[in-house]
Protein chains: 2
Amino acid sequence: MARNQQQNEKMREDRIKQIQAEALHQFANKGLFATKIRDIAEGVGMAQGLIYHYYKSKEDIYVELIKNALDKMNAAVLMLKETPLPPHEKISMAIKQMLYTIETSEDFTQTCRLIAQATNSTAIPEDAKKLIEEKRDLPYQELAKIIAAGQKEGTITAGDPKELALVFWTSLNGLAIYKATRREHTSMPDPGILINIFLKE
Amino acid sequence: MARNQQQNEKMREDRIKQIQAEALHQFANKGLFATKIRDIAEGVGMAQGLIYHYYKSKEDIYVELIKNALDKMNAAVLMLKETPLPPHEKISMAIKQMLYTIETSEDFTQTCRLIAQATNSTAIPEDAKKLIEEKRDLPYQELAKIIAAGQKEGTITAGDPKELALVFWTSLNGLAIYKATRREHTSMPDPGILINIFLKE
DNA sequence: TGTTTGATTGAATTTACAATCAATAATATA
DNA sequence: TATATTATTGATTGTAAATTCAATCAAACA
């Protein structure tokens, strides 16, 4: 009836991955509205029309990327949560890890950029808004829990855990965004600076 | 030859201020491309065509707003520089001041948002890119100088002044952006958390 | 070999919007 | 009052871009 099922699906998935990769790159750099379907198609090396064989619309691609980005971020936070380390070591590990990843992974900084753009604009698809609404608070919440646990142990600085978590996440996020726009010219600060905010010496 | 010069110019300036205020609001919320000239015109309560009596193009409005935003930000930093206080007090004053302004001034958070969006997109007018290139480094540089001076006096934490300045500015910026998208629901952290990063006790 | 299914193309269609423009209104000055 | 000047409107124009579509291609399988 049809060509080999597995091959077919593999091809389809490959194409979709290509489109996603190119779209992430374009959306992260230029945003939803300045990115043209033609740009994405050209980037992948296919005709514009073919994009619509795989996605219903530009917005659909965008929404899927937003979902993936938020999920990836939250998965990382949940992994941190599950790591069998005392709270203060979780915090210092997370800081080092994130700074290193910002430094080395363009994919990661672009993901941060995509989320930042979406979070800071009211002109995004309804579905994207819902996803952000649902998912953006998890990092703050989980970090606040870790911080509170560390405070009980006496290893983490005093202060409202939610406020500390807010500073933690916005700082690292801010650094990722900063880095994204100056790849070559900058490097991340010493993790010690940030670790100092949270750990008692 | 013409109607009273002063009155004419006053009217013109008022109109321009109206357009700027509305455009800042729209651009900050939706970005350059999602904002339509009609949106701005409707917001001010004028016909679309009239916008073009005051500005050559949508991009021109945008570039002017970017310029104003960067200049405002830099003026604040230069004022801090000139303030007759020892370095560590400048830093703690700046932190308190910025957190308070974020909390109370929507105009300020929107200005931060506008700059953030522009900085994070490659799809902005050439002129805007140039302005950003020229002007965005001043806060980092001036803060680094203040920090270095405080370190000499022994009142500010050790560490590369540039790195500390980077953390300072990205953190506060990150908080402004965060606040912009959640006006009612959040308040800023205790300034002490941030002050702790920079001052020796 | 012929049929079916999915991949692919690029031209055609449609829509949305920036920018222009001709016409009108309001006011100042001569 | 007549003229000049600027403000204002909203319809018109031109363009760019999203989406659709008819046609072709390639591979599997009967």
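Below, chain A is the first sequence line, B the second, and so on; all start at residue 1. Basis for what follows: all heavy atoms, side chains included, without hydrogens, waters or symmetry-related copies.
Put simply, H53(A) has a side-chain N or O that comes within less than 4.0 Å of OP1 or OP2 on dA7(C). Taking only side-chain nitrogens and oxygens, R15(B) never comes nearer than 4.0 Å to OP1 or OP2 of dA7(D). Within the structure, every side-chain polar atom (N or O) of R38(A) is placed at least 4.0 Å from both OP1 and OP2 of dA16(D).
When each of dA18(D), dA7(C), dA18(C) is scored by its nearest atom to the side-chain atoms of K36(A), the top-ranked nucleotide is dA18(D).
When only modelled atom types and interatomic distance are considered, E64(A) and Q20(A) share a side-chain donor-acceptor pair under 3.5 Å. A donor atom on one side chain and an acceptor atom on the other are found under 3.5 Å apart for Q18(A) and R15(A). Residues T181(A) and R113(A) bring no donor and acceptor atom of their side chains to less than 3.5 Å of each other.
Straight-line distance from the OH atom of Y62(A) to the P atom of dA18(D): 15 Å, rounded to whole Å. With rounding to whole Å, M46(B) atom CE is found 17 Å from dT6(D) atom P. Atom CD1 in I61(A) sits about 11 Å away from atom C1' in dA18(D), given to the nearest Å. Across the protein-nucleic acid pair, D60(B) atom CG and dT20(C) atom P stand 11 Å apart, rounded to whole Å. Residue R12(B) contributes atom CZ, which lies 18 Å from atom P of dT27(C) at whole-angstrom precision. Look at CD1 on I51(A): it is 14 Å from C1' on dA17(D), rounded to the nearest Å. Here dT9(D) presents its P atom at 12 Å from CD of E42(B), a figure rounded to the nearest Å. Between the CG atom of D39(B) and the P atom of dC17(C) there is a distance of 8 Å, rounded to whole Å.
A salt bridge links D39(B) with K30(B): the closest approach of a Lys/Arg side-chain nitrogen to an acidic carboxylate oxygen falls below 4.0 angstrom. Of the charged side-chain nitrogens involved, at least one lies within less than 4.0 Å of a carboxylate oxygen, so that K129(B) and E126(B) count as a salt-bridged pair. A salt bridge is absent between K96(B) and D190(B); no separation between the charged side-chain nitrogens and carboxylate oxygens falls under 4.0 Å. Between K145(B) and E142(B) there is a salt bridge, since a side-chain N of the basic residue sits under 4.0 Å from a carboxylate O of the acidic one.
The main-chain N or O of T186(A) is found under 3.5 Å from a side-chain atom of K179(A) such that the two form a donor-acceptor pair. Listed for the Q117(B) side chain is no donor-acceptor partner under 3.5 Å among the backbone atoms of Q117(A).
Backbone-only contact: Y54(A) has heavy atoms under 4.0 Å from sugar-phosphate atoms and none from a base.
Applying a 4.0 Å cut-off to non-hydrogen atoms, none of the residues of residues 21-30 of chain A approaches DNA chain C.
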Pairs: protein N or O with nucleotides 19-21 of chain D N or O, under 3.5 Å:
residue	atom	partner	partner atom	Å
dT19(D)	OP2	Y52(A)	OH	2.7
dT19(D)	OP2	K58(A)	N	3.2

